[in-house]
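See structure below.
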Amino acid sequence: MILQSLAAFAKRESLVEDPCFQYAGVTWAVDVGANGEYRNLFDLRSETGEGTKKRRLPRQMLIPKRSKRAAQDLAEFLVDKPEYVLGLGEEDAARMERRRRLFADDVRAAAQDSGCAEAGSVVQFLDSAEARAACVQKLSESGYASNDLLCFRRGSVYLHDLGAMKGHWRERSEAKEGCVAQCLVCGAMATMERLHPNIKGLSGASTSGVPIVSFNAAAFESYGLERNRNAPVCEDCAVAYTTALNRCLTDQFPDPADKESKLPRQAHRLSENLTAVYWADESKSGIERVVDAAINDPEVARALLEAPWRGGSVTTRPLAFHCLLLQGAQGRATVRSYVADTIDKIRDNIRRWLDETKVGMPRALSLVQILSGLAVQGEARGLPPGLWGEMYLAVLFGRTIPRNALQLALVRNRAEGNVNYNRAALVQAWVNRNPAFQERKKLVSLDPEYPSAAYQLGRLLAICENVQYRQRGGNANKTVVDRYFPALSTRPRYVFAQLMRLTELHLGKLQRQGEARFHRARVAEVVGKLAPGDLPAHLSLEEQALFALGFYHQRQANFSRAAAPSTDINQTDSQTDNQ
């Protein structure tokens, strides 16, 4: 299912022009003359990003398909590293010279078989020590890396783009013998791919790429089949699905319809070794932009979701959306999760997430901001490895918020003695998605009548804090929240009386009689909703979540109507004077 969908995605976007070729980043182009003389060395890298994220990336070019060489000496066709093209490397000179000759002999054979004049010029360059030395000097001055790829051009024409060279390479590739079996992806009887192409750009994986399908030990083999014959995939499908993944994992993949432009990245780096890749059955559905914005910029996501009502171009056709979580390692990529749903449901789930995490802030919170609030000092890298993936799927596919995410939020609440907007957003989403609260009204703002003792206790603490603030003018060294939040949110029965006594003292010290009556009525209103038997000795995890939410909602209400209570207090004072 996964490979089939990826292969179909690659064909739909015309990512694979020929299975004998693949896109790869090429850094340098050596320009040679008609007689093999060295003319120039072109740096093909381009700058991307801004500020500290600015970097120079090689140009993505369609070149002959790469082999998966390890330690053996094996030259790639026409495009290779400096040690093969120029014999430039830190290893012993004899080995470098042997590799250089392998590359030169390969190009010479291609020039002779195809009769290509441009290839003959490159052979002359490779045989000329003087021309190579000039190129090596310029390359060294330009600051090359050992794994950079070099290609050749004569004038404005690249050697690997010539029809003669493509035809020669295609004949060589098709002449290779291999095992014929039924492909698991397309179902056709064809030659199976012995080693699948690598996937690059995964978090935690080798920079040279890792395969997603590999069998490197007998423990993974069955029925006497060796290595990748245990999961036979034909060459066309292997190239298609890996190209689709590589296209999603970079923002430098060239657009097949316009070689000068790049296709947008369709992946999110969730942690140091986990990456989410997504794609849709319709390339112009617009869902990719919505998904990217939902994770990184919720305000943009909300605007995109409203596009159909504003005359936008977002389609609502019932098409499928796919999400794949891949964990990178040095040897291979591991599939951690794969989920698919309709695009319409994905939009509904994102809209629901944005509504559930609206906690009175001027701008909606991104997933990174919300999860950063769960970690010590906001270091999200210290969170449990699987939490990022679970939260990501909860946003896109409407799943319940993981219980361990709520536990982390409540622990940080007690440790800091406070409920910040990051954790309030997560707790609010958790409560609204918890099946135990489905019969109750959704909690997205203050609800004075919400039928929960824990929620009312949270409100009470926020009101008591407000009373103390009014009495001391914000000059308290230690507030009632600092003193009682950890205990009241877990063992309310043991500290409730102390909180009430301290609040009564604060009320008695308020200088204006009307203000004292106003706040005393607010405290009485909340306490009146707590029946004698409703004051629990301990709060469960669900009740602690409601306590935190009640505290945050009431505190936000206190802030939002900071000017309104003064009017009520003045009215109370005037009524008292009239009496």
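From a predicted model like this one, the values you see are computed outputs, not experimental measurements.
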- Task: Any chance you could lay out the side chain to side chain contact (heavy atoms under 4.5 Å, CB included) test for Met391 and Ile401, step after step, and finish with the verdict?
- Result: CA-CA 7 Å; Met391 286 298 302; Ile401 308 299; 3.7 Å; yes
- CA sep, side-chain torsions, deciding dist, call: Ser203, Ser271, side chain to side chain contact (heavy atoms under 4.5 Å, CB included): CA-CA 7 Å; Ser203 301; Ser271 66; over 6 Å; no
- Item | Check against ring pair (Phe, Tyr, Trp, His ring centres under 6.0 Å), Phe77 and His168 | CA-CA 10 Å; Phe77 185 58; His168 173 81; 5.6 Å; yes
- Message: Using the rule given for side chain to side chain contact (heavy atoms under 4.5 Å, CB included), can you reason through Asp281 versus Phe9, listing the C-alpha separation, both sets of side-chain angles and the distance that settles it, and then say yes or no?
- Response: CA-CA 7 Å; Asp281 284 351; Phe9 172 63; over 6 Å; no
- Task: Tell me, with the steps shown, if Glu235 and Arg194 meet salt bridge (charged side-chain N to carboxylate O under 4.0 Å, His left out).
- Result: CA-CA 8 Å; Glu235 182 180 10; Arg194 189 177 68 87; over 6 Å; no
- Begin with the C-alpha distance, continue with both residues' side-chain angles, and end with the deciding distance and a verdict on side chain to side chain contact (heavy atoms under 4.5 Å, CB included) for Thr243 and Asn246. CA-CA 5 Å; Thr243 303; Asn246 286 323; 5.7 Å; no
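The existence of a salt bridge linking Arg55 and Glu47 is excluded, since no basic side-chain nitrogen approaches an acidic carboxylate oxygen closer than 4.0 Å. With respect to Arg56 and Asp43, a salt bridge is recorded, a charged nitrogen being found less than 4.0 Å from a carboxylate O. Ionic pairing of Arg403 and Glu542 is present here: one or more N-O contacts between side-chain nitrogen and carboxylate oxygen are shorter than 4.0 angstrom. Of the charged side-chain nitrogens involved, none lies within less than 4.0 Å of a carboxylate oxygen, so that Arg12 and Glu282 do not count as a salt-bridged pair. A salt bridge is absent between Lys166 and Glu171: the closest approach of a Lys/Arg side-chain nitrogen to an acidic carboxylate oxygen does not fall below 4.0 angstrom. Under the 4.0 Å criterion applied to side-chain N and carboxylate O atoms, Arg247 and Asp255 are not assigned as salt-bridge partners. Under a 4.0 Å N-O distance rule, the pair Arg347/Asp344 qualifies as a salt bridge. Glu390 and Arg399 are not joined by a salt bridge, as no carboxylate oxygen comes within less than 4.0 angstrom of a charged side-chain nitrogen. Salt bridge status for Lys345 with Asp348: absent, with no side-chain N to carboxylate O gap under 4.0 Å.
Heavy atoms from other residues, nucleotides or ligands lying under 6.0 Å from NZ of Lys65 number more than 12. When the shell of 6.0 Å around OH of Tyr421 is examined, it contains 12 or fewer heavy atoms from other residues, nucleotides or ligands. Under a cut-off of 6.0 angstrom, the local environment of CZ in Arg66 is crowded, with over 12 non-hydrogen atoms contributed by other residues, nucleotides or ligands.
Taking 4.5 Å as the limit, every side-chain heavy atom of Leu326 sits out of range of all side-chain heavy atoms of Arg336. At a threshold of 4.5 Å between non-hydrogen side-chain atoms, the residues Val291 and Ile350 count as touching. For the pair Ile212 and Tyr241, the minimum side-chain heavy-atom distance is below 4.5 Å. By the 4.5 Å heavy-atom criterion applied to side chains, Glu17 and Leu62 are counted as neighbours. Within the 4.5 Å cutoff, no side-chain heavy atoms of Val26 are placed close to those of Pro58. With a 4.5 Å cut-off on side-chain heavy atoms, Phe253 and Lys262 do not count as touching. No side-chain heavy atom of Asp355 sits under 4.5 Å from any side-chain heavy atom of Val444. For the pair Val277 and Gln266, the minimum side-chain heavy-atom distance is 4.5 Å or more.
Atom-to-atom distance recorded for Arg153:CZ and Leu159:CG is 12.0 Å, nearest 0.5 angstrom. How far CG of Leu387 is from CG of Leu270: 10.5 Å, rounded to the nearest 0.5 Å. In this structure, Leu44 CG and Thr27 OG1 are separated by 7.5 Å, a value rounded to the nearest 0.5 Å. Here Asp31 contributes atom CG and Cys151 contributes atom SG; the two are 10.0 Å apart, rounded to the nearest 0.5 Å. Ser337 OG to Leu393 CG: the interatomic distance, rounded to the nearest 0.5 Å, is 5.0 Å. To the nearest 0.5 Å, atoms CZ (Arg351) and CG (Leu305) are separated by 5.0 Å.
The two residues Val157 and Leu162 come nearest to each other via the heavy atoms CG1-CD2, 3.2 Å. Across Val239 and Phe21, no two heavy atoms sit closer than the pair CG1-O, 4.2 Å. Pro232 and Met192 make their closest contact through CB-SD, 3.2 Å (heavy atoms, listed as atom of the first residue, atom of the second, distance). Nearest approach of Pro254 to Leu263, heavy atoms of both residues: O-CD1, 4.0 Å. In terms of heavy atoms, Ala238 sits closest to Val233 at N-CG1, 3.6 Å. Taking every heavy atom of both residues into account, Pro211 and His196 meet most closely at CB-O, 4.4 Å.
Relative ring orientation between His553 and Tyr455 is described as perpendicular, the plane-to-plane angle rising above 60° on a 0-90° scale split at 30° and 60°. Using bins of under 30°, 30° to 60° and over 60° for the plane-to-plane angle, the ring pair Phe397/Phe321 lands in the tilted bin.
For the residue pair His322 and Asp341, no side-chain donor N or O sits within less than 3.5 Å of a side-chain acceptor on the partner. Gln252 and Arg265 share no donor-acceptor pair across their side chains, judged by distance under 3.5 Å alone. Remark: the Ser67 side chain and the Glu76 side chain contain an N/O donor-acceptor pair separated by less than 3.5 Å. Between the side chains of Asn418 and Arg555, at least one donor N or O sits under 3.5 Å from an acceptor N or O. Side-chain contact annotation: Trp279 with Ser5, donor-acceptor N/O pair under 3.5 Å present. Defined by atom type and a distance below 3.5 Å, a donor-acceptor pair is missing between the side-chain atoms of Thr275 and Arg269. A donor and an acceptor atom, one from each side chain of Asp148 and Trp28, are located under 3.5 Å apart. Defined by atom type and a distance below 3.5 Å, a donor-acceptor pair is present between the side-chain atoms of Ser214 and Arg332. When only modelled atom types and interatomic distance are considered, Gln428 and Asn432 share no side-chain donor-acceptor pair under 3.5 Å.
Within the 3.5 Å criterion, the main-chain N or O of Leu396 finds a donor-acceptor partner in the side chain of Asn349. No donor-acceptor distance shorter than 3.5 angstrom exists from the side chain of Arg352 to the backbone of Val395, with no hydrogens or angles considered. Judged purely by atom type and a 3.5 angstrom limit, Asn422 uses its side chain to pair as donor or acceptor with the backbone of Gln369. Put simply, the side chain of Trp430 never gets that close to the backbone of Thr400: no donor and acceptor are under 3.5 Å apart.
Residues meeting the salt bridge (charged side-chain N to carboxylate O under 4.0 Å, His left out) test with Arg412, sequence neighbours left out: Glu416.
The cationic group of Arg459 does not satisfy the cation-pi geometry with Phe551, failing either the under 6.0 Å distance to the six-membered ring centre or the 45° limit from the ring axis.
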